[in-house]
Peer 1: 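Can you keep this structure in mind? I'll have questions shortly.
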Amino acid sequence: MIKSLRGMNDILSEDYKRFTYFINTATKVAQRYGFHFIETPLLEETALFKRSVGESSDIVGKEMYQFIDKGQNDVCLRPEGTAGVVRAFIQKKLDKAGGAHRFFYHGSMFRYERPQKGRLRQFHQFGVESFGVNSVYEDVTMIMMVSDILKELGIGYRLQLNSLGDNNCMPDYRNKLVKFVKECEDDICEDCVRRLDTNPIRVLDCKNDKCQTIYDGAPKLLNNLCDSCDDDFSSLKKILQNNGIEYEIDTNLVRGLDYYSKTAFEFVSDNIGSQSAIAGGGRYDKLVEFLDGRPTPAVGFAIGIERLMELIVMPETSRDGYYIGAMDEEAVDLVMSLAHKKRKTDKVTIDYKAKNFKNHIKAADKICAKYFCIIGSNEMKDGNMIIKDLQNKTEIIIKQEEF
RNA sequence: GUGAGAUUAGCUCAGUUGGUUAGAGCACUGGUUUGUGGUGCCGGGGGUCGCGGGUUCGAAUCCCGUAUCUCACCCCA
């Protein structure tokens with residue numbers, strides 16, 4: 001038997017219902033905020049991700065589905081959504097057009113990782129990107145949007161906030177931190193020693209308790225922001241407070257992707273195992289410029305759909321559609337015709353076999369039909385049909401031609 | 001890439017120190033006087049015990065390998 005590849009799942013039945021319910025809800029919210037759908041290719045030039053996500057990240061270093069295509073192009077299945085949207089934004093010259101451009105997208109992302117709870121090789125994200133808006137209000141708008149989506153889905157969360165600074169203050173802070181960590185290099189874990197070379201800021205969210213104890217005394221990102229970043233972060237907190245959105249400050253919250261600056265946020269759930277981040281985002285003012293566009297401030301977020309699938313509280317399903325059953329072999333043709341007619345407007349389920357009344361009504365109940373119709377010898381003779389409302393337990397008799 | 005635990009019917013799982021033809025519940029399906037539904041009654045189908053080797057008179061059971069799943073690490077949504 002041929003099976004799906006590791007970490008690649010089929011979505012059907014109940015999962016598909018939840019999946020589409022999520023997409024529909026998130027789409028509705030994003031549209032209420034004035035965002036427009038954008039679809040970008042699953043396959044992009046490898047260089048796009050190397051330059052945007054950053055060579056130091058594991059995503060680019062070891063998790064990309066990268067290959068040479070038949071035209072000798074070095075290509076990748078996208079590991080995340082922002083890079084492609086930024087590329088499209090620049091390619092369509094929207095950076096030169098000026099003004100605000102706001103997009104949302106959803107689709108498959110690919111990372112060659114060992115699967116575990118809430119992590120797949122092909123997974124789905126819903127994301128939003130806003131270009132051309134410098135204001136910290138837009139950062140708050142992003143957070144509000146995620147919050148609205150999660151609330152509509154009945155999902156509880158904690159919001160964690162940090163500021164990563166900008167080109168002005170981050171490099172100085174990084175140097176301070178490296179200096180501090182190097183002094184205790186002998187006491188920290190292997191991973192942190194490696195991080196010192198690849199991505200020093202990441203030592204901050206090391207899960208090793210011993211490391212964390214050591215880093216308690218390390219210089220804090222939030223105490224080393226320049227005036228502009230510090231002001232923005234204060235405004236951010238104030239606006240959130242004014243709008244009743246609760247948050248926690250986590251100075252150790254860092255983002256794994258190189259392109260983030262200033263506002264960084266993560267929505268986490270305590271009910272889904274160790275991969276607890278269900279949404280993450282922040283500002284990335286330098287990325288457009290970095291990908292050869294005109295300097296354009298930008299902010300966005302992405303939601304990991306699989307991570308919150310089991311948290312979604314589905315609305316109660318109500319009875320829907322018709323079930324039409326035949327009690328005689330001779331009535332099956334008529335049932336087929338009635339169904340064909342009714343299917344122009346309604347959901348209709350039929351059985352091609354003649355059964356007795358009880359079996360048909362059981363079947364109608366099982367598939368949760370709202371209306372139950374039966375054609376037996378009586379109906380064949382008089383041209384009537386019974387329509388029974390299975391919800392209200394009422395029934396009416398109509399002419400078959402009125403059905 | 002690293003570590004641990006799993007894999008028996010469509011699903012959830014039993015299966016004794018290795019011993020006849022591998023079981024249950026649910027689901028599916030047929031019947032239960034041609035007329036009223038979630039939980040009536042009676043029957044039926046369905047398994048290469050993940051796959052490949054090995055030990056043994058004999059393996060679902062013990063050993064080795066391998067695939068997949070799960071959980072965790074790394075990393076990330």
Side-chain angles (χ1 to χ4, degrees), chain A residues 1-9 13-14 53-54 56-64 79-82 106-127 146 189-192 194-195 198-199 202 205-208 254-257 265-269 272-282 300-309 319 323 325-331 351 353-381 386 388-391 393-395 397:
Chain A
M1 182 178 51
I2 297 175
K3 289 189 279 190
S4 68
L5 263 17
R6 166 178 261 187
M8 305 214 171
N9 287 171
S13 307
E14 181 57 24
V53 178
S56 68
S57 77
D58 271 22
I59 293 180
V60 168
K62 59 182 196 188
E63 296 175 2
M64 287 210 293
E80 55 97 48
T82 300
H106 52 82
S108 294
M109 308 294 159
F110 301 83
R111 291 182 198 171
Y112 195 88
E113 301 179 89
R114 191 81 169 260
Q116 78 184 68
K117 191 179 181 69
R119 180 197 324 189
L120 294 167
R121 287 185 171 183
Q122 177 174 1
F123 62 105
H124 298 82
Q125 287 188 336
F126 179 95
V146 179
C189 70
E190 280 177 37
D191 288 326
C192 279
R194 185 175 46 78
R195 288 183 182 110
T198 57
N199 199 344
R202 290 223 68 112
D205 67 350
C206 180
K207 287 177 187 169
N208 187 307
V254 294
R255 318 275 21 246
L257 283 43
F265 60 86
E266 220 163 74
F267 286 74
V268 300
S269 165
I272 53 169
S274 80
Q275 305 304 313
S276 58
I278 52 181
F301 70 80
I303 298 177
I305 301 178
E306 279 82 0
R307 288 200 180 164
L308 41 76
M309 281 280 272
R319 289 185 173 278
Y323 178 99
M327 306 227 315
D328 295 298
E329 282 297 332
E330 302 78 63
D351 195 318
K353 278 184 227 158
K355 291 182 191 173
N356 64 29
F357 193 96
K358 194 165 183 172
N359 281 333
H360 273 312
I361 200 164
K362 263 189 191 171
D365 184 51
K366 184 169 286 177
I367 61 148
C368 229
K370 179 154 170 41
Y371 298 104
F372 171 76
C373 314
I374 195 88
I375 305 293
S377 53
N378 301 347
E379 287 76 13
M380 294 288 281
K381 260 180 255 159
I386 296 174
K388 182 176 169 67
D389 185 325
L390 293 175
Q391 200 165 292
K393 300 174 196 279
T394 56
E395 74 184 45
I397 297 172

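Bear in mind the structure is a predicted one, so any value in this text is a computation, not a measurement. Residue numbers start from 1 in every chain, and the chains themselves are labelled A, B, ... in the order their sequence lines are given, proteins ahead of strands.
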Peer 1: By the 4.0 Å heavy-atom rule, please label A:Gln275 as base, sugar-phosphate, or nothing.
Peer 2: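 Base, at least one base heavy atom under 4.0 Å.
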Peer 1: Where are the stems of RNA chain B, defined as at least 3 consecutive Watson-Crick or wobble G-U pairs with both distances under 3.5 Å?
Peer 2: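 Looking at RNA chain B, the stems formed by three or more consecutive pairs are B:1-7 with B:67-73, B:10-13 with B:23-26, B:28-32 with B:40-44, B:50-54 with B:62-66.
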Peer 1: For a quick check of understanding: with a heavy-atom distance under 4.0 Å over all strands, which category does A:Ser274 fall into, base, sugar-phosphate or nothing?
Peer 2: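 Sugar-phosphate, backbone atoms only, no base.
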Peer 1: Does A:Ile278 reach a base, just sugar-phosphate, or nothing at all? Heavy atoms under 4.0 Å.
Peer 2: sugar-phosphate
Peer 1: Within a strict 4.5 Å, meaning less than it, do heavy atoms of the A:Thr82 and A:Val53 side chains meet?
Peer 2: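 Sidechains of A:Val53 and A:Thr82: no contact.
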Peer 1: For atom P, what is the distance between B:U12 and B:U7, given to the nearest Å?
Peer 2: 12 Å
Peer 1: Closer to the 5' end of RNA chain B via nearest nucleotide, is it A:Cys206 or A:Gly280?
Peer 2: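 Counting from the 5' end, the first nearest nucleotide belongs to A:Cys206.
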Peer 1: Considering every strand and a 4.0 Å limit on heavy-atom distances, what is the contact class for A:Gly118: base, sugar-phosphate, or nothing?
Peer 2: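 Touches a base.
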Peer 1: Distance check, C1' atoms only: B:U20 and B:A59, in whole angstrom units.
Peer 2: 14 Å
Peer 1: For the pair made of CD in A:Glu395 and C1' in B:U36, what is the distance, rounded to whole Å?
Peer 2: 7 Å
Peer 1: Is the distance from OP1 or OP2 of B:C69 to the nearest side-chain N or O of A:Arg6 less than 4.0 Å?
Peer 2: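 For B:C69, OP1 or OP2 has a side-chain N or O of A:Arg6 closer than 4.0 Å.
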Peer 1: Output yes when at least one side-chain N/O atom of A:Gln116 is less than 4.0 Å from OP1 or OP2 of B:A72, else no.
Peer 2: yes
Peer 1: Can you name the side-chain contact (heavy atoms from CB on, under 4.5 Å) partners of A:Tyr112, sequence neighbours left out?
Peer 2: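 side-chain contact (heavy atoms from CB on, under 4.5 Å) check on A:Tyr112 returns A:Tyr65, A:Arg121.
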Peer 1: Classify A:Gly81 by what it touches in the nucleic acid, base, sugar-phosphate, or nothing, heavy-atom distance under 4.0 Å.
Peer 2: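 Nothing: the residue A:Gly81, judged by heavy atoms under 4.0 Å, touches no strand.
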Peer 1: Report yes if a donor N or O on one partner sits less than 3.5 Å from an acceptor N or O on the other, where the partners are the side chain of A:Gln391 and the base of B:G37; otherwise report no.
Peer 2: no
Peer 1: Would you state whether a donor and an acceptor, one from the side chain of A:Arg119 and one from the base of B:C75, lie under 3.5 Å apart?
Peer 2: yes
Peer 1: Once you apply a heavy-atom cut-off of 4.0 Å, does A:Lys388 come out as touching a base, just sugar-phosphate, or nothing?
Peer 2: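 Base contact.
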Peer 1: At a cut-off of 3.5 Å, list every protein nitrogen or oxygen paired with a nitrogen or oxygen from nucleotides 42-44 of chain B, distance to 0.1 Å.
Peer 2:
none

Peer 1: Can you check the distance between B:U56 and B:C73, where both ends of the measurement are the C1' atom (answer in whole Å)?
Peer 2: 41 Å
Peer 1: Enumerate all atom pairs, one protein N or O and one N or O from nucleotides 31-33 of chain B, separated by less than 3.5 Å.
Peer 2:
unit_1 : atom_1 : unit_2   : atom_2 : d
B:U32  : O4     : A:Asn359 : OD1    : 3.1

Peer 1: Check every strand shown and say whether A:Phe372 touches a base, only sugar-phosphate, or nothing at a heavy-atom separation below 4.0 Å.
Peer 2: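 No contact.
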Peer 1: Spell out protein contact along nucleotides 45-50 of chain B as letters: B when the base is contacted, S when just the sugar-phosphate is, - when no protein heavy atom is under 4.0 Å; keep the 5' to 3' order.
Peer 2: ------
Peer 1: What interatomic distance, in whole Å, is found between P of B:U66 and the corresponding atom of B:U2?
Peer 2: 11 Å
Peer 1: So A:Asp58, base contact, sugar-phosphate only, or nothing? Heavy-atom distance under 4.0 Å.
Peer 2: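 It contacts sugar-phosphate atoms only.
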Peer 1: Please identify each residue that fulfils salt bridge (charged side-chain N to carboxylate O under 4.0 Å, His left out) with A:Arg319, with sequence neighbours left out.
Peer 2: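 Expected list: A:Asp365.
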Peer 1: Write down the distance separating the P atoms in B:A22 and B:C49, rounded off to the nearest Å.
Peer 2: 10 Å
Peer 1: For A:Lys117, what residues pass the salt bridge (charged side-chain N to carboxylate O under 4.0 Å, His left out) criterion, not counting sequence neighbours?
Peer 2: A:Glu310
Peer 1: Using the P atom as the reference point in each nucleotide, state the distance between B:A60 and B:A9 in Å, no decimals.
Peer 2: 14 Å
Peer 1: Using atom C1' in both nucleotides, what's the gap between B:U61 and B:G23 to the nearest angstrom?
Peer 2: 15 Å
Peer 1: Could you tell me how far apart A:Arg114 (CZ) and B:C75 (C1') are, to the nearest whole angstrom?
Peer 2: 14 Å
Peer 1: For A:Gln275, give me all partners under side-chain contact (heavy atoms from CB on, under 4.5 Å), at least two apart in sequence or on another chain.
Peer 2: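 Counting only residues at least two positions away or on another chain, A:Gln275 forms a side-chain contact (heavy atoms from CB on, under 4.5 Å) with A:Gln116, A:Arg119, A:Arg307.
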Peer 1: My understanding is that only residues two or more places apart in sequence, or in another chain, count here; which of them pass side-chain contact (heavy atoms from CB on, under 4.5 Å) with A:Leu120?
Peer 2: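 Partners of A:Leu120 under the side-chain contact (heavy atoms from CB on, under 4.5 Å) test: A:Asn9, A:Phe123, A:Glu306.
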Peer 1: Within this structure, what is the CG-CZ distance for the pair A:Leu308 and A:Phe267, rounded to the nearest 0.5 Å?
Peer 2: 11.5 Å
Peer 1: In whole Å, measure the gap between the C1' atoms of B:C13 and B:G54 for me.
Peer 2: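 Going atom to atom, C1' in each nucleotide, I get 29 Å.
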Peer 1: Please encode protein proximity along nucleotides 6-11 of chain B as a string of B, S and -, counting only heavy-atom distances under 4.0 Å.
Peer 2: ------
Peer 1: Is A:Leu308 touching bases, backbone alone, or none of the nucleic acid, heavy atoms closer than 4.0 Å?
Peer 2: nothing
Peer 1: Just the rounded figure in Å: distance from P of B:U70 to CD of A:Glu306.
Peer 2: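 Those two atoms, CD and P, are 12 Å apart.
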Peer 1: Who pairs with A:Lys355 by side-chain contact (heavy atoms from CB on, under 4.5 Å), at least two apart in sequence or on another chain?
Peer 2: A:Asp351, A:Asn359, A:His360
Peer 1: Atom CD in A:Gln122, atom CZ in A:Arg111: separation rounded to 0.5 Å?
Peer 2: 13.0 Å
Peer 1: Working to the nearest 0.5 Å, report the span between CG of A:Asn356 and CD1 of A:Ile374.
Peer 2: 8.5 Å
Peer 1: With sugar-phosphate meaning primed atoms plus P, OP1 and OP2, does A:Ala279 contact a base, only sugar-phosphate, or nothing at under 4.0 Å between heavy atoms?
Peer 2: sugar-phosphate
Peer 1: Closest nucleotide of RNA chain B for A:Leu390 versus for A:Ile305: which of these residues is on the 5' side?
Peer 2: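 The residue closer to the strand's 5' end, by nearest nucleotide, is A:Leu390.
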Peer 1: Mind checking whether A:Met109 and A:Pro79 have side chains closer than 4.5 Å, heavy atoms only?
Peer 2: no
Peer 1: With sequence neighbours excluded, give me every side-chain hydrogen bond (donor to acceptor under 3.5 Å, both in side chains) pair touching residues 370-380 of chain A.
Peer 2: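 Only A:Lys370-A:Asp389 qualify under side-chain hydrogen bond (donor to acceptor under 3.5 Å, both in side chains).
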Peer 1: If you round to the nearest 0.5 Å, how far is CD1 of A:Ile305 from CD1 of A:Ile278?
Peer 2: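 A:Ile278 CD1 to A:Ile305 CD1: 12.5 Å, rounded to 0.5 Å.
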